[in-house]
S.K.: 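Got a structure for you, written out below as structure tokens; questions coming shortly.
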Amino acid sequence: MDLNGKTAVLTGAAGGIGSAMAEALAGAGVRLVLVGRNAQALQALAGRLGGQHLTVTADLASDEGRQRVQRCCAALPDGIDILINNAGISAFGSFDAQTPALLTELLTTNLLAPMLLTGQLLALLRQAPRGLIVNVGSAFGAIGYPGFVGYSASKFGLRGFSEALRRELADSSVGVLHLAPRATATAINDARVNALNAALGNRIDSPAVVADALVRQLRSERPRAGIGRPERLFAFLNGLLPGLLDRALARQLPVIRRILAP
Ligand SMILES: NC(=O)c1ccc[n+]([C@@H]2O[C@H](COP(=O)([O-])OP(=O)(O)OC[C@H]3O[C@@H](n4cnc5c(N)ncnc54)[C@H](OP(=O)(O)O)[C@@H]3O)[C@@H](O)[C@H]2O)c1
């Protein structure tokens with residue numbers, strides 16, 4: 001897709017990856033509908049970007065919040081071309097400690113809200129000559145990871161949603177892409193996750209790396225993109241020979257347990 005002059009809805013816009021995406025997309029000539037819960041942070045971002053960007057303050061976990069986004073997009077004279085489902089939350093902790101409320105919040109924010117918002121905006125995306133939906137997943141959407149059981153489940157679900165919807169819309173003007181970042185330096189990762197990444201020697205990207213990958217993926221319309229060669233290889237191996245990854249992750253488990261321990 002030629003991005004110049006297109007309109008994109010970006011959720012989680014004021015977050016670490018979201019704000020880097022906003023800058024990269026605005027630089028490519030995209031007009032943005034910036035969505036998040038923090039009005040001040042969205043206004044500050046829109047001010048930094050300059051240009052004709054809109055902000056919508058909305059909790060995407062609520063019907064009311066998603067309807068507000070839908071109403072704003074429906075009122076745009078030129079409609080929307082792109083939806084980027086980037087908003088998300090994470091939770092590191094042993095499964096026994098993940099309460100029903102936390103698991104509900106993880107699944108609602110990371111899986112159900114993007115599905116429902118996509119459903120609410122699909123008619124508008126169909127009106128564009130070409131519409132694109134990008135779901136921002138995670139390397140943990142292909143590799144179930146100890147300490148991230150609820151998060152992994154939500155991101156596996158998001159990857160499944162992306163794949164099924166892409167195939168269902170294959171005869172339409174709307175494409176569905178899935179982008180899987182690896183560990184990235186943002187506030188979603190607390191001190192324990194940063195300690196875990198350091199202990200395991202995991203590479204950590206800057207948000208700008210993810211934003212560049214998004215812009216390249218939108219331009220090429222590549223259906224699936226993952227960041228990091230080792231992570232892509234492990235995801236491939238996990239699909240082919242999951243027992244190999246079971247054994248590799250069992251060797252990491254003592255380190256994970258040490259950091260999980262209070
Ligand atoms: N950072 C990583 O290591 C990493 C790795 C792989 C994948 N990812 C994925 O990348 C995406 C962006 O994460 P990030 O690293 O940029 O995290 P972040 O800095 O914490 O940003 C997450 C954003 O999501 C928004 N959000 C959360 N719940 C929401 C809700 N109910 N309604 C509306 N907005 C909501 C937050 O908005 P508020 O401003 O309102 O709080 C925040 O702006 C997520 O989907 C995450 O799973 C991140």
S.K.: Restricting to pairs with a member in residues 212-227, which pass side chain to side chain donor-acceptor pair (under 3.5 Å), not counting sequence neighbours?
M.R.: R130-E221
S.K.: Honestly curious: do V134 and M1 fall in one hydrophobic cluster under the side-chain, below-4.5 Å linking rule?
M.R.: yes
S.K.: Does V174 form a side chain to side chain contact (heavy atoms under 4.5 Å, CB included) with L165? I'd like the steps, not just the answer.
M.R.: CA-CA 10 Å; V174 180; L165 188 64; over 6 Å; no
S.K.: As a quick check of understanding, evaluate side chain to side chain contact (heavy atoms under 4.5 Å, CB included) for V209 and T184, giving each step before the final call.
M.R.: CA-CA 9 Å; V209 168; T184 307; over 6 Å; no
S.K.: The criterion is salt bridge (Lys or Arg N to Asp or Glu O under 4.0 Å); which residues satisfy it with R68, sequence neighbours excluded?
M.R.: E64
S.K.: CZ of R37 to CG of L42: how many Å apart, nearest 0.5 Å?
M.R.: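 Rounded to the nearest 0.5 Å, the CZ-CG separation comes to 10.5 Å.
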S.K.: Is atom CG of D78 surrounded by more than 12 heavy atoms (other residues, nucleotides or ligands) closer than 6.0 Å?
M.R.: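 For D78, atom CG is not crowded (no more than 12 foreign heavy atoms under 6.0 Å).
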S.K.: Hey, could you give me the CD1/CZ distance between I259 and R192, rounded to the nearest 0.5 Å?
M.R.: 9.0 Å
S.K.: Tell me the salt bridge (Lys or Arg N to Asp or Glu O under 4.0 Å) pairs involving residues 4-21, sequence neighbours left out?
M.R.: none
S.K.: Identify every side-chain donor-acceptor pair in residues 10-36 under 3.5 Å, counting partners at least two apart or on other chains, and give the distances.
M.R.:
residue	atom	partner	partner atom	Å
T11	OG1	I84	O	3.4
T11	OG1	N86	N	2.8
T11	OG1	A87	N	2.9
S19	OG	G15	O	2.7
S19	OG	G16	O	3.4
R31	NE	Q52	O	3.0

S.K.: Is there any side chain to side chain donor-acceptor pair (under 3.5 Å) pair reaching into residues 93-115, and which pairs are they, with sequence neighbours excluded?
M.R.: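 Applying side chain to side chain donor-acceptor pair (under 3.5 Å) to every pair that reaches into residues 93-115, excluding sequence neighbours, yields N110-S154.
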S.K.: I need the T7 OG1 to I82 CD1 distance, nearest 0.5 Å.
M.R.: 8.5 Å
S.K.: Enter the distance from L244:CG to L249:CG here, rounded to the nearest 0.5 Å.
M.R.: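 Output value for this atom pair is 10.5 Å.
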S.K.: Group every Ile, Leu, Val, Met, Phe, Trp and Tyr by side-chain heavy-atom contacts under 4.5 Å, then state whether V9 and L218 land in the same group.
M.R.: no
S.K.: Just do the side chain to side chain contact (heavy atoms under 4.5 Å, CB included) check on L76 and L54 with the steps written out, would you?
M.R.: CA-CA 10 Å; L76 292 174; L54 301 175; 3.4 Å; yes
S.K.: Hydrophobic clusters here meaning ILVMFWY residues chained together by side-chain heavy-atom distances under 4.5 Å, can you tell me if V193 and V255 are in one?
M.R.: yes
S.K.: Considering non-hydrogen atoms only, spot the tightest contact between D81 and A128 and give its length.
M.R.: OD1-CB, 3.6 Å
S.K.: Anything under 3.5 Å between a donor and an acceptor, one on a side chain of residues 230-238, the other on a protein residue two or more places apart or in another chain? List them.
M.R.:
residue	atom	partner	partner atom	Å
E231	OE1	R182	NH1	3.2
R232	NH1	G226	O	3.1
N238	ND2	A142	O	2.8

S.K.: On a heavy-atom basis, which atom in L200 and which in Q252 lie closest, and how many Å separate them?
M.R.: CD1-OE1, 3.7 Å
S.K.: Scan residues 101-140 for pairs that pass ring-ring contact (aromatic ring centres under 6.0 Å, His included), counting only residues two or more places apart or in two chains.
M.R.: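 Passing the test, one end in residues 101-140: F140-Y145, F140-F148.
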S.K.: Could you go through residues 111-127 and list every donor-acceptor pair under 3.5 Å that involves a side-chain atom there, pairing it with any protein atom two or more places apart or in another chain?
M.R.:
residue	atom	partner	partner atom	Å
T118	OG1	N85	ND2	3.0
T118	OG1	P114	O	2.6
Q120	OE1	R66	NE	3.3

S.K.: Could you tell me the separation between the OG1 atom of T55 and the CG atom of L45, rounded to the nearest 0.5 Å?
M.R.: 9.5 Å
S.K.: Return the set of residues passing side chain to side chain contact (heavy atoms under 4.5 Å, CB included) with N194 (not counting sequence neighbours), or none when no residue passes.
M.R.: N189
S.K.: In chain order, what residues pass the side-chain hydrogen bond (donor to acceptor under 3.5 Å, both in side chains) check against N202, with sequence neighbours excluded?
M.R.: N197
S.K.: Could you tell me which residues satisfy salt bridge (Lys or Arg N to Asp or Glu O under 4.0 Å) with R167, sequence neighbours excluded, listed by chain and number?
M.R.: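 Checked R167 against salt bridge (Lys or Arg N to Asp or Glu O under 4.0 Å); matches are E163.
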S.K.: To check you understand the geometry: which heavy-atom pair defines the closest contact between L260 and G93, and what is its length?
M.R.: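 Closest approach of L260 to G93, heavy atoms only: CD2-CA, 3.4 Å.
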S.K.: Got a sec, which residues hit side-chain hydrogen bond (donor to acceptor under 3.5 Å, both in side chains) with T57, two or more places apart in sequence or on another chain?
M.R.: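 Testing T57 for side-chain hydrogen bond (donor to acceptor under 3.5 Å, both in side chains), a comparison that skips the adjacent residues, returns none.
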S.K.: How long is the span from the CZ atom in F92 to the CD1 atom in I188, to the nearest 0.5 Å?
M.R.: 14.0 Å
S.K.: So, for G150 and L107, which heavy atoms are closest and what is the spacing to 0.1 Å?
M.R.: O-CD2, 4.0 Å
S.K.: Treat each ILVMFWY residue as a node, draw an edge where side-chain heavy atoms are under 4.5 Å apart, and state whether L177 and I227 are in one component.
M.R.: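 Same cluster: L177 reaches I227 through Ile, Leu, Val, Met, Phe, Trp or Tyr contacts under 4.5 Å.
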